[in-house]
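Here is the structure we will look at.
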Protein chains: 2
Amino acid sequence: MGARKPTLRSVAEAAGVSTATVSYAFSRPDRVSAEARARVLTVAGELGYAGPDAKGRSLRTGRTGAVGVIFTTGLTYAFTDPYVTAMLAGLAEALEPSRTSLVFIPFGEVNAGMAPDEVRRSVDAVHRAMIDGAVADGLDDDHPAVRVLAERGIPLVRSNETAAGPSVVIDDRQAGRDVGRHLAGLGHRDIVALVATPHEPGRVVEVTGQTPLFPYSRLRLTGLRESLPADTRLRVISGGSNSALAGQVAARAVLHGSERPTAIAADSDVLAAAVAGVARERGLWLGAGLSLTGFDDQPVAAELGLTTVRQPVHRKGFLMGRMLVDPGAERGRITLPTELVVRRSTGPAPSVRLGE
Amino acid sequence: MGARKPTLRSVAEAAGVSTATVSYAFSRPDRVSAEARARVLTVAGELGYAGPDAKGRSLRTGRTGAVGVIFTTGLTYAFTDPYVTAMLAGLAEALEPSRTSLVFIPFGEVNAGMAPDEVRRSVDAVHRAMIDGAVADGLDDDHPAVRVLAERGIPLVRSNETAAGPSVVIDDRQAGRDVGRHLAGLGHRDIVALVATPHEPGRVVEVTGQTPLFPYSRLRLTGLRESLPADTRLRVISGGSNSALAGQVAARAVLHGSERPTAIAADSDVLAAAVAGVARERGLWLGAGLSLTGFDDQPVAAELGLTTVRQPVHRKGFLMGRMLVDPGAERGRITLPTELVVRRSTGPAPSVRLGE
DNA sequence: CGCATCGTGTTAATCGATTAACACGAGGGG
DNA sequence: CCCCTCGTGTTAATCGATTAACACGATGCG
């Protein structure tokens, strides 16, 4: 009745050997004789002992066989984001050979004015996560989650250029410039940049210097700005985190009346696709009445004929994984190439625009 | 220097208190005086102590704050499968409030004729996973991974009807019947069922009684078979695990020559979408020259006008998550409704078919 | 004033394993 | 015959925390 779960010790006693022998039988077969191992395994089977307990083992060895994944956005959104899933696929590919588990670590909102205890609660899952390393996307050095990992001594690979330490990045600023030059070259002088910001989608905000922004957005905006002629009007808005809904509400807000821009530069294909949908509702032709660019070059971009910046997302994830599990992998920062893919969603700016 | 990582003990010594006090300071603020807590936290900060070590803590408490996710398919595929990501989103939603992490556990191929040690190695990650519970999709009771979890005493929620124990399911057999009746009613007497099987996509196999099949496929096929008139020709094939590639190679293999069926019942919208692509290549009109059904009713189905079986995937994931984290949640089996959604991809069978 | 209660701190047992170091008998080589 | 090595088993220290039980002074109450 009161049968507790069998442990290494109970198996050892039942088999009449020391705990060391049982441990070796499971973890280092060459260290014990074949007979001893067979007996231990038999006894273990009879007792319903599944093998050394993961928690005890990992406390002793210091290893967990898992790496963490931290997203800036809630997990619910993350799995629906094609950029994220592509990166995850690459990451999973790198981890597969070593059968390393992948731990998705959620955390709550963190912002400047929060009390220390509140912040601590938000990143509680980061404290509790049992991992040998982690990858994070779009988290700055001063983000509490990054701080905690550093204190815990857990190796972290990131994919933002603003990161000190190991990272796999693209040149976001240059990519921003590429987009800007392309649009400027087509004559656009009234442009809206549509970015994702770390809040629930649905509320449209005008992005100012104070608005918290993902590091990559900041860099792309810098590139965009510095590539545009001085007489260009550039507004930056956001409808929240990267999602169709955010793109939709932002597009609805900006695509009407005399304030309508001639081009929208969206920070992801997901956002751009949503804008394309709203443009269709409004009877605007992409590449004519409205020019539109995306980012990432996900499959949806080709389907929509979307001008976008291609980046090797799968490879990014793969390399991040390698840096964690392969001690021989290169350290430091790896910069991957991007490429502006021009399709029919961008075209010359209307030469004369009539207010209404 | 030889500075090791600070522990609860070193903080206690530095602060001149007992380890209990330090532990309480971090985990049960109400158990210590405000001053003591402040001193401990200060000292911890100076020493760079991030808080109680996750491994030690979880060994002692027996809890991990994480639940596992086990897929029949490799993680690389999993993240690209819309059914999977929808389920994950639901699952993540259920776990969010308790900030529970999600652990993706990979495992290698397992099949009948493997040596015990080989099997053990394949499910090694299941042994090592530090989780309080797990969800699994499409794993039968006798699957090694399921066995290991049972021995380890880890609660498992599954989504297959063949599962003993807690599960959130749909009536796959009934769904199969619905599809069969629909096609039979349209006059189809030569049907190919296209299913996913647990092997790398690319190789097309004719499914026989011996072929290893996912539990849900088996049930749907049973339903399909029993709803078809006796004079119906039914072939079952697979191009491997659920993916566009598998659907494509299977469709290519079956959609040519005089052996061409009048209808294809695919086991997922992903497979069906791939078939639709091949049909287009071959100049076959869906709903006329070829009838096609899918499964799941993912967004792609509406886009393609695909007749399919709708199931509440997000809700499935959500409920599975609740059953794990919420002690008050209902136990046992929850059956969710399905609905045959008829669109234009199915139509009357061609009354006369010419061989070539 | 005596006693119960409360707040706050400490002691020490415990969670379940890994592995360096050692012991000991058998076999091999000189 | 002695010594060395090899194979195999054991001993015991250790990983880093949690928490029941207890101790003790201060406070409240009758």
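The chains referred to below are lettered A, B, ... by the order of the sequence lines, with proteins before strands, and numbering in each begins at 1.
Just one residue in the list A:Met87, A:Met323, A:Arg333 forms a side-chain contact (heavy atoms from CB on, under 4.5 Å) with A:Val168, and that residue is A:Met323.
Contact annotation for A:Ser23: base contact, defined as any heavy-atom pair under 4.0 Å involving a base atom. Within 4.0 Å of B:Phe26, counting heavy atoms only, lies no atom of the nucleic acid at all. If you check every strand for non-hydrogen atoms under 4.0 Å, B:Ser58 touches nothing. Within the nucleic acid shown, A:Ala54 has no heavy atom closer than 4.0 Å to any nucleic acid atom. Among the heavy atoms of the strands lying under 4.0 Å from B:Thr21 is at least one base atom, whether or not backbone atoms are also near. Within the 4.0 angstrom heavy-atom criterion, no nucleotide atom of any strand lies near B:Arg28.
Boundaries of the chain B contact region on DNA chain D are D:dC15 to D:dA21, first to last in 5' to 3' order (nucleotide atom under 4.0 Å from a heavy atom).
The CD1 atom of B:Ile154 sits 5.5 Å away from atom CG of B:Leu149, with the distance rounded to the nearest 0.5 Å. The CD1 atom of B:Ile105 lies 11.5 Å from the NE2 atom of B:His127; values are rounded to the nearest 0.5 Å.
With axes fitted over five pairs at each extremity, the angle between the ends of the helix from C:dC1-D:dG30 to C:dG30-D:dC1 is 30° (10° resolution).
For B:Thr61 and B:Arg37, each mapped to the nucleotide of DNA chain C holding its nearest heavy atom, the one lying further toward the 5' end belongs to B:Arg37. Projected onto DNA chain C by closest heavy-atom contact, B:Ser18 and A:Ala20 fall at different nucleotides, the more 5' of which corresponds to B:Ser18. Comparing B:Leu59 and A:Ala34 against DNA chain D, the residue whose closest nucleotide sits nearer the 5' end is A:Ala34.
Contact check on B:Arg128 versus B:Asp124 returns a salt bridge, with a Lys/Arg side-chain nitrogen under 4.0 Å from an Asp/Glu carboxylate oxygen. For A:Asp141 and A:Arg158, the salt-bridge test passes: some basic side-chain N is under 4.0 Å from an acidic carboxylate O. A salt bridge between A:Arg37 and B:Asp117 is present, with a side-chain N of the basic residue lying under 4.0 Å from a carboxylate O of the acidic one.
Two residues are said to be in side-chain contact when any heavy atoms from C-beta on lie closer than 4.5 Å; A:Val103 and A:Val67 fail this criterion. Between A:Tyr24 and A:Asp30 the shortest side-chain heavy-atom distance does not fall below 4.5 Å.
Ring centers of A:Phe71 and A:Phe79: at least 6.0 Å apart, outside the cut-off.
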